[in-house]
Amino acid sequence: MNSQTPLLRTENLHKWYGKIHALRGVNIDVYAGEVLGLIGDNGAGKSTFVKIISGVERKSSGKIFWKGEEVDIISIKQARSLGIETVYQEQALAPQLTVLQNIFLGRPITKHGPLGVLDNKAMAKAAAPIINELGLNVQLDQEVRFCSGGEQQGVAVARALLFKANLVILDEPTRALSATGVERILEFIRGLKQQGIAVIVISHVFPQIFPVTDRFVVLSRGKVVTEKRAEETSPEDLTRIVVEKTK
């Protein structure tokens, strides 16, 4: 893959739910180290697009290319094997489990093969540098339910980093966070970008993610209606476009 080849490309992507046409020929490119803002009103198709890329849903038609090769993403496991990690709005964390258990949820390190006992020492050794790198003030044996909203987002991001994601999808990462929590998430995104990791950010709150976003794609009624680089637009301009396209 050369620098001009998109990490992810979708061509004429469609998704039907019965008679509902949720995606209508969506073409989107995402490049390594790029932060792409995916925005639009409710029902625009943002979540549907992400579910297809992350393996939660199957596309109805169209093509998906990963590092220039056509792929058919049929499961979350396959998406993760490609290097696609999704941090959902609900964070997909188990609140009663510890930080360490959540980081390795579904992919634990075990002794004596996959059916052996958990190797907590090996998992802690692998997770600690990532936690420190992200500046998270949490203990690995701390239950996630006692973490703040920003810390929980950080745990989910740590999981993506640990498993060497090439593309991280963040679904409304700043929703219901304090100003401090929002700034922590922006720092996470900057850190991912510095490591050459591509990021797709879904957000209704354009001003919050604007400082870290390179390019915006606006969806409306299942179609891409416009695409703008950050230096060509503003939060106010993007808000106007979204409102106009939903009338």
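Residue numbers run from 1 in the order of the sequence given.
- Within a 6.0 Å sphere centred on CD of Gln139, other residues, nucleotides and ligands contribute 12 heavy atoms or fewer.
- The two atoms that bring His14 and His21 nearest to each other are ND1-NE2, 2.9 Å, heavy atoms only.
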request  = Quick one: do Glu34 and Arg215 satisfy salt bridge (charged side-chain N to carboxylate O under 4.0 Å, His left out)? Show the steps, please.
outcome  = CA-CA 8 Å; Glu34 176 184 42; Arg215 185 164 53 94; 2.7 Å; yes
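- Residues His204 and Asn42 bring a donor and an acceptor atom of their side chains to less than 3.5 Å of each other.
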task = Would you sort out whether Glu187 and Lys193 count as a salt bridge (charged side-chain N to carboxylate O under 4.0 Å, His left out), showing the intermediate values?
result = CA-CA 10 Å; Glu187 285 300 319; Lys193 182 177 179 179; over 6 Å; no
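- With a 4.5 Å cut-off on side-chain heavy atoms, Leu38 and Ile28 count as touching.
- Residue Ile84 forms a side chain to side chain contact (heavy atoms under 4.5 Å, CB included) with just one option from Ile169, Ile200, Ile76, and that option is Ile169.
- Side chain of Glu57 to main chain of Lys51: no donor-acceptor pair is present (N/O by atom type, distance under 3.5 Å, no hydrogens or angles).
- Under a 3.5 Å cut-off, the side chain of Asn102 and the backbone N or O of Thr98 do form a donor-acceptor pair.
- Here the two rings, on Phe216 and Phe206, have centers that are 6.0 Å apart or farther.
- Cation-pi check for Lys15 over Tyr17 is met; the charged atom lies under 6.0 angstrom from the ring centroid and within 45 degrees of its normal.
- Counting only distance, with no hydrogens or angles, the side chain of Lys59 and the backbone of Gly62 share a donor-acceptor pair below 3.5 Å.
- Each of Val30 and Phe65 belongs to its own hydrophobic cluster when Ile, Leu, Val, Met, Phe, Trp and Tyr are linked at side-chain heavy-atom distances under 4.5 angstrom.
- Between the side chain of Ser234 and the backbone N or O of Asp237, at least one donor-acceptor pair lies under 3.5 Å.
- Other residues, nucleotides and ligands contribute only 12 or fewer heavy atoms inside 6.0 Å of the CG atom of Asn137.
- A donor-acceptor contact shorter than 3.5 Å is absent between the side chain of Glu69 and the backbone of Trp66.
- Looking only at distances, a side-chain donor or acceptor of Thr10 sits under 3.5 Å from a matching main-chain atom of Val26.
- When side chains are defined from C-beta on, Leu170 counts as touching Ile189, because their heavy atoms get closer than 4.5 Å.
- Residues Thr110 and Val117 have side chains not in contact (no heavy-atom distance under 4.5 Å, counting atoms from C-beta outward).
- Put simply, Val205 and Leu36 are part of two different groups of oily side chains (I, L, V, M, F, W, Y) that touch within less than 4.5 Å, one to the next.
- Residues Lys121 and Asp119 form a side-chain contact, since some pair of their non-hydrogen atoms from C-beta on lies under 4.5 Å apart.
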message = Go through it in stages, so that I can follow the logic: the residues are Arg190 and Glu183, the test is salt bridge (charged side-chain N to carboxylate O under 4.0 Å, His left out), and I'd like the CA-CA distance, side-chain angles, deciding distance and then a yes or no.
response = CA-CA 11 Å; Arg190 291 186 185 103; Glu183 186 53 41; 3.2 Å; yes
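- Side chain of Ser60 to backbone of Trp16: a donor-acceptor contact under 3.5 angstrom is found.
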